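Note sheet for the following structure.
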Amino acid sequence: MARVFPQFLDQDADVVARSLLGCRIVRILGDEGTIERIVVRIVETEAYDQFDPASHTFHGRSERNRAMFGPAGHAYIYFTYGMHYCLNITAAAEGFGAGVLIRAVEPVEGVEIIERRRGRTGVDCTNGPAKLCKALDIDKALYGHDLRLPPLMLEQSSLRPGEHVAATARIGISKAAELRRRFLITDNPYLSHGPMWTEQCDSRRTQQGTA
DNA sequence: GACCAGATATGCT
DNA sequence: GCATATCTGGTCT
């Protein structure tokens with residue numbers, strides 16, 4: 001399994017968002033006595049950049065979003081709604097504010113740790129951006145973290161045979177939601193709104209002639 | 001499926 | 001000072 005290096009990420013955010021599907025996130029928890037390892041696979045992403053009204057970088061650099069203007073392949077973590085953290089992976093050359101929101105992941109290793117952390121079982125553990133942060137113990141402490149290094153690493157991996165990628169409108173935002181910058185592995189049970197929602201969303205857009 | 005509360009950092013006026 | 005937010009979980013229908 002190969003690491004993801006910055007040059008892989010140092011592209012248009014849409015390209016990166018698509019490329020990240022199927023890649024793995026490795027999270028190391030605990031101290032030397034009790035090391036716990038969680039591995040998940042990315043199944044849903046959304047692209048944002050500073051030309052995008054929905055992006056945190058649209059209004060320029062600030063203390064909150066400085067990581068997004070840094071080099072590619074780092075963690076941009078933000079706190080929202082007073083209680084949730086969400087994880088983005090910075091995706092462009094230094095100085096350009098762009099990133100990819102990780103919306104949903106599929107557990108690969110350490111499922112029991114994830115279920116313990118979430119207090120529930122099944123797809124509900126990681127099928128949302130704040131859910132997966134809670135499952136992987138991701139918070140402000142990892143803000144700006146280089147994803148080539150422990151305790152949070154990104155590893156390149158490809159799609160499985162028979163898997164397909166789709167682009168749909170984005171979710172949960174009030175501006176520029178119509179842009180098809182949400183990328184997902186179709187029919188994956190861990191998608192944040194499930195296959196039915198995606199189908200409905202797609203057919204609605206096709207009817208509008210915006211596909 | 002629809003609706004709503006939750007609790008706070010951030011940015012705009 | 002105030003509105004908003006890349007959301008979730010619980011309740012009600």
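All of these numbers come straight from a predicted model, not from anything done at the bench. Chain naming here is simple, since letters A, B, ... match the order of the sequence lines and numbering starts at 1 in each.
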How close or far is atom [atom2] of [N] from atom [atom1] of [X], stated in whole angstroms?
{"X": "A:Asn65", "N": "B:dT10", "atom1": "CG", "atom2": "C1'", "answer": "10 Å"}
{"X": "A:Arg64", "N": "B:dC12", "atom1": "CZ", "atom2": "C1'", "answer": "13 Å"}
{"X": "A:Tyr85", "N": "B:dT10", "atom1": "OH", "atom2": "C1'", "answer": "14 Å"}
{"X": "A:Arg120", "N": "C:dG9", "atom1": "CZ", "atom2": "C1'", "answer": "7 Å"}
{"X": "A:Glu46", "N": "C:dA5", "atom1": "CD", "atom2": "P", "answer": "15 Å"}
{"X": "A:Met68", "N": "B:dG11", "atom1": "CE", "atom2": "C1'", "answer": "15 Å"}
{"X": "A:Ile77", "N": "B:dA9", "atom1": "CD1", "atom2": "P", "answer": "16 Å"}
{"X": "A:Lys175", "N": "B:dC12", "atom1": "NZ", "atom2": "C1'", "answer": "11 Å"}

Next on the checklist: Please verify the inter-ring angle class for A:His56 with A:Tyr78; under 30° counts as parallel, over 60° as perpendicular, anything in between as tilted.
Outcome noted: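 Perpendicular: the ring planes of A:His56 and A:Tyr78 meet at over 60°.
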Please check the phosphate of [N] (OP1 and OP2 only) for any side-chain N or O of [X] closer than 4.0 Å.
{"X": "A:Arg103", "N": "C:dC7", "answer": "yes"}
{"X": "A:Lys131", "N": "C:dT6", "answer": "no"}
{"X": "A:Lys134", "N": "C:dC7", "answer": "no"}
{"X": "A:His56", "N": "B:dT10", "answer": "no"}
{"X": "A:Ser62", "N": "B:dG11", "answer": "yes"}
{"X": "A:Arg61", "N": "B:dT10", "answer": "no"}

Checklist entry - Taking the nucleotide of DNA chain C with the closest heavy atom to each, which residue, A:Ala130 or A:Ser174, is nearer the 5' end? => result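 Here A:Ser174 is the residue nearer the 5' end.
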Next on the checklist: Closest approach to the side chain of A:Met83, judged atom by atom: which nucleotide of C:dT8, C:dA5, B:dA7 is it?
Outcome noted: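 Of the candidates, B:dA7 comes closest.
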Checklist entry - Any idea which of C:dT8, C:dT6, C:dG9 is nearest the A:His84 side chain? => result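 So the nucleotide nearest the side chain must be C:dT8.
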Checklist entry - What is the minimum heavy-atom distance between A:Asn65 and A:Tyr143, and which atoms define it? => result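 Of all heavy-atom pairs spanning A:Asn65 and A:Tyr143, the closest is C-OH, 3.6 Å.
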Checklist entry - Is C:dT6 paired to anything, Watson-Crick or G-U wobble with both distances less than 3.5 Å, and if yes, which nucleotide? => result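 Checking every strand shown, C:dT6 finds no partner, since no pair has both distances under 3.5 Å.
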Checklist entry - In the strands shown, is C:dT11 matched to any nucleotide by a Watson-Crick or G-U wobble pair with both distances under 3.5 Å, and which? => result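 The answer is B:dA2, by the H-bond criterion.
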So [X], base contact, sugar-phosphate only, or nothing? Heavy-atom distance under 4.0 Å.
{"X": "A:Arg181", "answer": "nothing"}
{"X": "A:Ser55", "answer": "base"}
{"X": "A:Leu101", "answer": "base"}

Item to check | Side-chain touch A:Arg41/A:Val105, heavy atoms, less than 4.5 angstrom | outcome: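 When only atoms from C-beta onward are counted, A:Val105 and A:Arg41 do not touch, as no gap falls below 4.5 Å.
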Next on the checklist: Out of the candidates A:Val26, A:Leu152, A:Leu136, only one should pair with A:Ile38 under the side-chain contact (heavy atoms from CB on, under 4.5 Å) rule; please name it.
Outcome noted: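 Among A:Val26, A:Leu152, A:Leu136, the one that satisfies the side-chain contact (heavy atoms from CB on, under 4.5 Å) with A:Ile38 is A:Leu136.
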Checklist entry - Taking atom types as modelled and ignoring hydrogens, do the side chains of A:Glu115 and A:Thr121 form a donor-acceptor contact shorter than 3.5 angstrom? => result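 On atom types as modelled, these side chains do not qualify, holding no pair under 3.5 Å.
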Next on the checklist: Under a 3.5 Å distance rule, please check whether A:Asn188 uses its side chain to pair with a backbone N or O of A:Val43 as donor and acceptor.
Outcome noted: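 Not a single qualifying donor-acceptor pair exists.
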Checklist entry - Using the rule for Phe, Tyr, His and the six-membered ring of Trp, do A:Phe79 and B:dT8 stack at under 5.5 Å and under 30°? => result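 Not stacked by the 5.5 Å and 30° rule.
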Checklist entry - Can a donor-acceptor pair under 3.5 Å be found between the side-chain atoms of A:Tyr78 and the base atoms of C:dT6? => result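 Per atom types, the contact qualifies.
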